[in-house]
Amino acid sequence: MRLSQFHLATVKEVPADAEIASHQLMLRAGMIRKLASGLYTWSPLGLRVLRKVENVVREEMNRAGAIEMLMPTIQPRELWEETGRWQKFGPQLLKIKDRKEQEFCYAPTAEEVVTDYARNELNSYKQLPVNFYQIQTKFRDEIRPRFGVMRAREFLMKDAYSFHLGQESLAETYQAMYDAYSRIFTRLGLKFRAVQADTGAIGGNASHEFQVLADSGEDAIVFSDGSDYAANVEKAEALAPATSRPAPGATMERVDTPVQKTIAEVSAFLGVAPAQCVKTLLVKGRDGLVALCLRGDHELNEVKAGKLAELPDEVVLASAAEILAATGARPGFIGPAGLPAAIPVIVDRSAAVLADFVCGGNADGTHQTGANWERDARMTRIDDIRQVVEGDPSPDGHGTLHLARGIEVGHVFQLGGKYAEALGATVLDDQGKAQVMLMGCYGIGISRIVAAAIEQRHDDAGIIWPEAMAPWRVAVCVINPKGNPDIATAGESLYQELAARGIETVLDDRGLRPGAMFADMELIGIPHRVVVSERGLAAGTLEYRARHEAESRAVTRDELLALLG
RNA sequence: CGGGGUAUAGCUCAGUCUGGUAGAGCGUUGCGUUUGGGACGCAAAAGUCGGGGGUUCGAAUCCCUCUGCCCCGACCA
């Protein structure tokens, strides 16, 4: 590509509404432009990168035996009613009407449509297993779109759905997808981790997320230093402490804490470590309020809490008014000792081994010291309800856990029979009997990968693309071609030769001054830069610099060709 | 959904408090000089000041209202 024939639209100034590096750089490089909240136009430059990612994904999906197809983005209400998701998906589902007032949604995912296709097209076990995939636009009406294409409302996703007669076959394809995903992210040059993920309300047997490691990531993940255990923090189990609860050593005493409400305030005021306090959260249960007790230095894991039988899937904290009505005290002074008998008390494993602890006094302005379980405070049940923290033992018994931030770019999931059952997708088995198919689903956020890669790979000058994602591998920059026609000729000939060898090259023939040209090529992250100049012509060399290196060096034409392979 | 902020030229922003003919930098166009790290000079084009309503002799500026966008919160017991 000759840059004079392309549309490059870089900007010097950092856009005002971009917070994180990838968003800023994508705007500055002119890869995307915002149309409205969560909606982005991909420029010619941006699209080149997006297509690179798409093609790697497509190649590896095909290699893993998946079959590409394409489903509509607009889908009829009736189908979504069959699975109950027309209501259940909530406000994230964008609903629209056509001229006949028929209702549709813009697809946030395609289980319904693919399963409808499968129930019509698949009749026999001989057709299984099969794995359909598409690379298609999705729309999710996010509460708060942010970070550019990282969390956009409209985005490009690869979604695959596999169909099976038995669990064993599902597990095989699941593993094949897991392996394909690992190859994809490796080929794309990303630092990533596959982590165990929560299977959520859908149930199912197994689920892994593929997380690109980046400090700006919205997800927290944990991994062990003594094994290959890795999980989303939502899923990671906090083991019960190895030590058992000491016998009570103190008597319980009420102390005045007139304005101290938070654990930090109370522990500072009383001179007691947060780990020796019990914090009590009152949440709305399925049937009245429920108390959740945690060690003062621990946080509630809402996903774990949502699985408790007493609580709805979505954990909601009780309001100040509800707490006052139930306990006679305001938030900040609630504790397990002396709570009304109607409130179940679910105690985290770590909080359960405390003795002589500090907790709220269930009366405004007071806390209790020297409190003890059983003697002073009743426990309905002990369970794992906290978030794991740095240094916790790994749930598999090997090593300790470390925390990291990640960007979820892929998710593989064994769905089981959920959708096939709801939609009546069956095949005849070898006995001639109808069997509900089992399903797996496997997603990759194509557009998000572009942003995630930049998060991981950039410097002050701009993007540093991995070779597999770069819009072009090589940039040929000609200096003052108008002043010296030999330079223009040499640049053109080098460009032709690289192109003839199948090396994707961009020739910067815009005639800009060197500084502006270099700044652009660095901003848009081209991995290899070759400068053709008067100096070089005189010496018979070219000047080469890799994007990730600080210095350039003189090379001959042959050396350059060898270097670029 | 709640809270906060913001809306002025293509972009980044000043001007608003204290009402009086619309500003800068970057970018764009033309001419000239320049050509190894975002060049310089001269000239030029470009804004219904987010929309609507009100107050006033006069509104970017004050008041009301609507809308867009951004941020924060959904961890406080």
Side-chain angles (χ1 to χ4, degrees), chain A residues 9-20 23-24 27-28 30 33-39 90-91 143-148 220 257 259-267 274 277-283 289 291-294 296-302 305 314-320 322-324 326-327 329-336 339 343 358-368 385-387 460-462 477-484 487-488 508 510-523 529 531-537 543 545 550 552:
Chain A
T10 57
V11 290
K12 269 194 250 183
E13 273 165 310
V14 179
D17 54 7
E19 286 272 302
I20 61 171
H23 189 195
Q24 293 175 350
L27 288 168
R28 284 194 52 210
R33 293 289 183 240
K34 184 170 73 177
L35 180 64
S37 177
L39 302 176
I143 302 175
R144 185 139 87 91
R146 56 174 152 180
F147 303 151
T257 50
V259 294
Q260 290 73 26
K261 298 167 106 177
T262 65
I263 290 291
E265 289 162 357
V266 170
S267 74
C277 300
V278 165
K279 93 167 119 184
T280 306
L281 308 173
L282 288 179
V283 300
L289 297 186
L292 303 176
C293 291
L294 296 154
D297 57 335
H298 287 153
E299 301 291 346
L300 178 69
N301 181 320
E302 293 196 14
E314 187 95 354
V315 176
V316 182
L317 291 168
S319 68
E322 288 168 314
I323 292 173
L324 186 63
T327 68
R330 282 179 305 176
F333 304 106
I334 307 302
L339 267 187
I343 301 178
V358 171
C359 62
N362 295 320
D364 285 355
T366 71
H367 276 75
Q368 303 278 12
I385 56 172
R386 74 171 170 95
Q387 204 93 274
D460 290 345
C477 298
V478 289
I479 292 181
N480 195 13
K482 285 174 197 139
N484 182 346
I487 294 173
D508 195 342
R510 294 175 298 171
L512 297 186
R513 297 168 62 86
M517 194 159 45
F518 297 160
D520 270 351
M521 292 306 105
E522 282 159 21
L523 176 59
R529 185 186 78 195
V531 177
V532 180
S533 67
E534 219 160 48
R535 259 187 227 166
L537 279 188
E543 180 183 312
R545 180 173 160 191
S552 56

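Every chain is numbered from 1 and lettered A, B, ... according to where its sequence line falls, protein lines coming before strand lines. Being a predicted model, the structure only gives us computed values, none of them experimental.
- Atom-to-atom, CG of A:L27 to C1' of B:C69 comes out at 14 Å; the value is rounded to the nearest Å.
- The side chain of A:R28 lies closest to B:G38 when the candidates are B:G38, B:C69, B:U35.
- Counting only heavy atoms from C-beta on, A:D520 has its side chain closest to B:G38 among B:G38, B:A77, B:U35.
- Of all nucleotides present, only B:G73 satisfies the Watson-Crick or G-U wobble test against B:C1, with each distance under 3.5 Å.
- Across the interface with RNA chain B, nearest-nucleotide mapping of A:T10 and A:P145 shows A:T10 to be the residue nearer the 5′ end.
- Annotation: the span from A:I20 atom CD1 to A:R146 atom CZ amounts to 9.5 Å, rounded to 0.5 Å.
- B:G27 is unpaired under the Watson-Crick or G-U wobble criterion, no partner having all donor-acceptor distances under 3.5 Å.
- Close to B:G38, at under 4.0 Å from its OP1 or OP2, lies no side-chain N or O of A:R513.
- Going from atom CD1 of A:I334 over to atom P of B:A77 covers 11 Å, rounded to whole Å.
- What separates CG of A:L512 from P of B:U35 is a distance of 16 Å, to the nearest Å.
- Rounded to the nearest 0.5 Å, atoms CG (A:L292) and CD1 (A:I385) are 4.5 Å apart.
- Nucleic acid contact for A:F518: base, since at least one base atom lies under 4.0 Å from a heavy atom of the residue.
- Taking CZ of A:R545 as the reference point, atom SG of A:C477 lies at 11.0 Å (rounded to 0.5 Å).
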When you compare the protein's N or O atoms with those of nucleotides 72-75 of chain B, which come within less than 3.5 Å of each other, and at what distance?
{"from": "B:C72", "atom 1": "OP2", "to": "A:R144", "atom 2": "NH1", "distance (Å)": "2.6"}
{"from": "B:C72", "atom 1": "OP2", "to": "A:R144", "atom 2": "NH2", "distance (Å)": "2.6"}
{"from": "B:C72", "atom 1": "OP2", "to": "A:R146", "atom 2": "NH1", "distance (Å)": "3.4"}
{"from": "B:C75", "atom 1": "O2", "to": "A:E299", "atom 2": "OE1", "distance (Å)": "2.3"}
{"from": "B:C75", "atom 1": "N3", "to": "A:L300", "atom 2": "O", "distance (Å)": "3.3"}
{"from": "B:C75", "atom 1": "N4", "to": "A:L300", "atom 2": "O", "distance (Å)": "2.6"}

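- Across all strands shown, B:G32 pairs with B:C40; the Watson-Crick or G-U wobble distances both stay below 3.5 Å.
- Scanning for side-chain hydrogen bond (donor to acceptor under 3.5 Å, both in side chains) contacts around A:N362 gives an empty result, with sequence neighbours left out.
- Within the 4.0 angstrom heavy-atom criterion, no nucleotide atom of any strand lies near A:A329.
- Nearest to the side-chain atoms of A:K34 among the listed nucleotides B:C69, B:G37, B:U12 stands B:C69.
- For the pair A:Q24 CD and B:C71 C1', the interatomic distance rounds to 14 Å; values are reported in whole Å.
- Scanning for side-chain hydrogen bond (donor to acceptor under 3.5 Å, both in side chains) contacts around A:R28 gives an empty result, with sequence neighbours left out.
- Searching all strands for a Watson-Crick or G-U wobble partner of B:A59 with both distances below 3.5 Å returns nothing.
- Pair check for B:U6 finds B:G68; Watson-Crick or G-U wobble, both atom distances under 3.5 Å.
- Applying the 6.0 Å contact sphere to CZ of A:R330 captures no more than 12 heavy atoms from other residues, nucleotides or ligands.
- Every residue meeting the ring-ring contact (aromatic ring centres under 6.0 Å, His included) condition with A:H367, not counting sequence neighbours, appears here in chain and number order: A:F333.
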Pairs under 3.5 Å (N/O, protein and nucleotides 27-33 of chain B):
none

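- Taking atom C1' in both B:G47 and B:G2, one finds a spacing of 36 Å when rounded to whole Å.
- Nearest to the side chain of A:R529, among B:A77, B:C69, B:G37, sits B:G37.
- Nucleic acid contact for A:T262: sugar-phosphate only, since backbone atoms but no base atoms lie under 4.0 Å from a heavy atom of the residue.
- Separating the CD atom of A:E13 from the C1' atom of B:A24 is a distance of 11 Å, rounded to the nearest angstrom.
- Contact annotation: A:S37 side-chain N/O to B:C70 OP1/OP2 distance is under 4.0 Å.
- Here A:R535 contributes atom CZ and A:I479 contributes atom CD1; the two are 7.0 Å apart, rounded to the nearest 0.5 Å.
- B:A7 and B:U16 have their P atoms separated by 13 Å, with the value rounded to a whole Å.
- Here the closest non-hydrogen pair linking A:L339 and A:G335 is CG-O, 3.1 Å.
- When the P atom of B:G38 is taken as reference, atom CD1 of A:I479 falls 12 Å away, rounded to whole Å.
- Annotation: side-chain hydrogen bond (donor to acceptor under 3.5 Å, both in side chains) contacts of A:E534 (sequence neighbours excluded): A:N484.
- For the P atom pair drawn from B:U55 and B:C11, the interatomic distance equals 34 Å after rounding to whole Å.
- Rounding to whole angstrom units, CG of residue A:L35 and P of B:G68 are separated by 14 Å.
- If you check every strand for non-hydrogen atoms under 4.0 Å, A:E534 touches nothing.
- A gap of 14 Å separates the C1' atoms of B:A60 and B:A9, to the nearest Å.
- Within 4.0 Å (heavy atoms only), A:R386 reaches no atom of the nucleic acid at all.
- The interatomic distance linking A:I385 (CD1) with B:A77 (P) rounds to 14 Å, in whole Å.
- Checked by distance alone, A:E522 brings a side-chain donor or acceptor within 3.5 Å of a matching partner on the base of B:G37.
- How far SG of A:C293 is from CZ of A:R386: 14.5 Å, rounded to the nearest 0.5 Å.
- Comparing A:V14 and A:V278 against RNA chain B, the residue whose closest nucleotide sits nearer the 5' end is A:V14.
- With a 4.5 Å cut-off on side-chain heavy atoms, A:T327 and A:L282 count as touching.
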